[in-house]
*Asks:* 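Encoded as structure tokens, here's the structure I'll be asking about.
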Amino acid sequence: MSAPTILPPRILLVEDEADSAALVMETLAGEGWTADWCDNGEAGLRAAAVQPYDVIILDRMLPQIEGLSIVRRLRAAGISVPVLMLSALARGENRAEGLDAGADDYLAKPFESVELIARLRALIRRATNATPGAVMIYGDIELHVKARNAHRQGKHVALSPREFEILKFMMDHAGDIVTREMLLREVWNLAFDPQTNVIDVSMSRLRQRLDEGFDTPAIETVRGAGYRLVGGLVP
Amino acid sequence: MTAALRLRSSLVVAVAVRVALATAITTALVFAALWVEMRQASRDLVQGAIDTDLAGLVDAYGSHGPQGLADRIGERLAFSPDPAQGNGGEVLFYRLEDAGGRVLAGNLAAWPQARAEVSEAGEMRIAGGVPVQYRVTLLRGRMRLLVGRSVAAREAMLGRMAALFGVALVALVALAWGIGRVAARSLGRRIAAINAVFGSFGREGAGDRAPVSHRGDEIDALSGHLNTVLDRIALLLVARKELSDAIAHETRSPLMHIGARIARARATGLEAGADQQLDAAQGDIRNLQRMLDTLLDIASSEAQRGEMNSLPEMDLAEVASRLAELYEPTAEDMGITFIARIAPHVPMRGEPVQMSSLIVNLLDNAFKYGADGRIIRLIVEPGPRLVVEDEGTGIPPERREAIFERFTRAHQRGKGHGLGLALVRAIAERHGLAIKVESTIPAGPDAGSQEDHEQAKGARFVVG
């Protein structure tokens, strides 16, 4: 599950504003990644149609052909490369439009670097291992997907159905940060962040259950970003 | 709607029925007047001939006496067609009686109910139902004379005419009904086309406009006006969306660059004080973005108020259950009893993202400001009717309208922008729902004094 990506992913960035593009490139560089950059929709569409990319980062408001229409055309042409839409149009309504058009994920500008990387990793991972196995293992945690139960170091951990969903989502992204927004969207199907700390409370619940009787935490909080499975070693 | 009901309630069918009815009545009246007039004219004609004949016979009586008269009658009868042989022509009838009632001449079997003293004229039916028009008169020596003509042919003609009129009437009514139906159908089709355009406006991919024919009649004028208005609304909607998008884009991009610069500055390693300030600045940026998004969400919902065509079918119960689950751990942590009473299935036309936002804002509000009551309820019932209530301090009656306004905070200690409840109202109204707030535990019916009213507790938000 947690096999490191040996080759850097092939990324296409379609963004008309040089400043924003530079910011994205800078963020990617932090991971040792790079991207091909197109500064208009037409060039972006052409590149996406010809080159086999692992993921496309696509702005929405683009000259010539706008982002939504690029995704639609790609999908209509049977090209299923994962698309992360990156846009200043950040409201729930806008997200729904992006996802309806065929984008796999939608990230609002301004974005946190960790969030962009986490989402990109998630998309690449999803594209390569489409179906998780019946048993998911990361560090000392074992998840039986069909039986819907979890074990840590062989000890059964009692989880509510929703806690199981959270853990499963984190196992899907084992080793990577999952942000609050990703959790809200994937586990609760919510396109925005409530003002109260409901996610933190749910996460601390899950943590308590996983850590009961253990000295090392199973999940760590990454400040300002989200959560990550620690993946403690099996003793 | 069933076909029969549609037919009954349709304006155009009513028009067709009225046209047919008016045609029937007018035609029947005209035909009846014509028939009466013809009958009278024909009667007058026959009466004239009878009277001339009678005058001749009276003259003959004057100059030749009763026998002379009887002879004349005999002569005339010899020329008259024989009634037994059918309709060779109109048959003449005479009857001459003396003062004792004895028949002296003529072919009429019986005297009608008519008075000879006043030379009465009339009509009678003789054996075989043959109609006879006549006049009687009194002669000198109290003799009575009747002169008559059968009018069978005339009556038959009038009968045929009435029958013809009847057939013509039915044909005319049928024709009027048919023309009415055709006209009504065409009118109905055109009105239905206009209704369909109204009905589909706002639905995705429905850029339909009302058809305008080359005739240029009133309906075409109506369609033309409708199309102009729809074009204008569509244009305004696009303009509004473009403006919202532009505002979002033009403010978020610079904010992103400011944020990135702050992040770069912090990455270089700053002294604690400066780092803290920049951390706060990043928080401010996030708040600003959030406020902007909420304002745009409110504007978007307000622009689509009550416009239900574009909304998909959704289950509010499902959305509410998921959110209830999200808030349960928080409630437990805070030591609050959180009760979610959600009906199994609450269908409505709605935008799930927006309805989620509505519920989250109300729950956030209850958890932030109603927590001191230790109990929060979320109730979702078919209708849909959605209630979020707490038993906290509540909202004073005089503030219950104002809290739904933008930038108005329900509570002084609130830290938000005062947009949450404005968004809730905008979303409710966008879905054709009303929202109000009341006390969860009212002051009671006997409450009079100010102190009593202060007994009222909690805020209950009702959407439905």
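Because the structure is a prediction, the values reported are computed rather than measured.
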*Asks:* Please say which of Asp364(B), Leu363(B), Leu323(B) ends up in a side-chain contact (heavy atoms from CB on, under 4.5 Å) with Pro194(A).
*Replies:* Asp364(B)
*Asks:* Please evaluate residues Glu112(A) and Arg286(B) with respect to the criterion side chain to side chain contact (heavy atoms under 4.5 Å, CB included), reporting the C-alpha separation (whole Å), side-chain torsions for both, the decisive distance (0.1 Å), and the verdict.
*Replies:* CA-CA 11 Å; Glu112(A) 300 283 344; Arg286(B) 277 192 294 273; 3.5 Å; yes
*Asks:* Starting from the C-alpha separation in whole Å, work towards a yes-or-no answer on side chain to side chain contact (heavy atoms under 4.5 Å, CB included) for His257(B) and Ser20(A).
*Replies:* CA-CA 8 Å; His257(B) 297 308; Ser20(A) 297; 3.7 Å; yes
*Asks:* Residue by residue, which of residues 259-278 of chain B have a heavy atom closer than 4.5 Å to a heavy atom belonging to chain A?
*Replies:* Ala260(B), Arg264(B), Arg266(B)
*Asks:* For Asn361(B), is it the side chain, the backbone, both or neither that has a heavy atom under 4.5 Å from a heavy atom of chain A?
*Replies:* neither
*Asks:* Please look at Arg205(A) and chain B and tell me whether the side chain, the backbone, both or neither of the residue comes under 4.5 angstrom of a heavy atom of that chain.
*Replies:*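 Contact with chain B: side chain only.
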*Asks:* So which heavy atom on Ala88(A) is nearest to which on Ala248(B), and how close?
*Replies:*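 For Ala88(A) and Ala248(B), the tightest heavy-atom pair comes out as O-CB, 3.8 Å.
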*Asks:* Please classify the contact between Asn94(A) and chain B as side chain, backbone, both or neither, with a heavy-atom cut-off of under 4.5 Å.
*Replies:*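 For Asn94(A), side-chain heavy atoms alone lie under 4.5 Å from chain B.
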*Asks:* Which of residues 287-297 of chain B get closer than 4.5 angstrom to chain A, counting heavy atoms alone?
*Replies:*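 Counting heavy atoms that sit under 4.5 Å from chain A, the residues of residues 287-297 of chain B involved are Gln289(B), Arg290(B), Asp293(B), Leu296(B), Asp297(B).
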*Asks:* Could you go through Arg322(B) and Arg162(A), starting from their C-alpha distance and side-chain angles, then the distance that decides it, and tell me whether this counts as side chain to side chain contact (heavy atoms under 4.5 Å, CB included)?
*Replies:* CA-CA 9 Å; Arg322(B) 212 171 45 228; Arg162(A) 197 61 69 177; 3.7 Å; yes
*Asks:* Where do Leu190(A) and Leu326(B) land on the side chain to side chain contact (heavy atoms under 4.5 Å, CB included) test, with the steps shown first?
*Replies:* CA-CA 10 Å; Leu190(A) 268 189; Leu326(B) 180 61; 3.8 Å; yes
*Asks:* Is any side-chain heavy atom of Gln304(B) less than 4.5 Å from a side-chain heavy atom of Glu93(A)?
*Replies:*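 Touching, per the 4.5 Å side-chain cut-off.
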*Asks:* How long is the span from the CE atom in Met61(A) to the CD atom in Glu242(B), to the nearest 0.5 Å?
*Replies:*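 Going from CE on Met61(A) over to CD on Glu242(B), the span is 8.0 Å.
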*Asks:* Using non-hydrogen atoms and a 4.5 Å limit, figure out which bit of Phe367(B) sits close to chain A: side chain, backbone, both or neither.
*Replies:* side chain
*Asks:* How many angstroms lie between atom CZ of Arg91(A) and atom OG of Ser300(B), to the nearest 0.5 angstrom?
*Replies:*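 The CZ atom of Arg91(A) sits 5.0 Å away from the OG atom of Ser300(B).
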*Asks:* Would you compute the distance between atom CG of Asp333(B) and atom CG of Asp200(A) and round it to the nearest 0.5 angstrom?
*Replies:* 10.5 Å
*Asks:* Tell me, side chain or backbone of Val353(B) under 4.5 Å from chain A's heavy atoms, or both, or neither?
*Replies:* both
*Asks:* Go through Arg252(B), Glu332(B), Glu250(B) and name the one with the most non-hydrogen pairs under 4.5 angstrom from chain A.
*Replies:*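 Greatest number of close heavy-atom pairs with chain A: Arg252(B).
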*Asks:* Using a 6.0 Å cut-off, check whether atom CD of Glu212(A) has over 12 heavy atoms from anything other than its own residue.
*Replies:* no
*Asks:* Looking at chain B, which one of Leu184(A), Thr27(A), Ile199(A), Val198(A) has the largest number of heavy-atom pairs inside 4.5 Å, strictly under?
*Replies:*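 Heavy-atom pairs under 4.5 Å are most numerous for Val198(A).
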*Asks:* Looking only at heavy atoms and a cut-off of under 4.5 Å, which of Ser113(A), Ala22(A), Ala90(A), Ser160(A) has the most pairs with chain B?
*Replies:*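 It is Ala90(A).
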*Asks:* Select one option (side chain, backbone, both, neither) describing which atoms of Gln282(B) are under 4.5 Å from chain A's heavy atoms.
*Replies:* neither
*Asks:* Measuring heavy-atom distances to chain A, does His249(B) have an atom under 4.5 Å in its side chain, in its backbone, in both, or in neither?
*Replies:* both
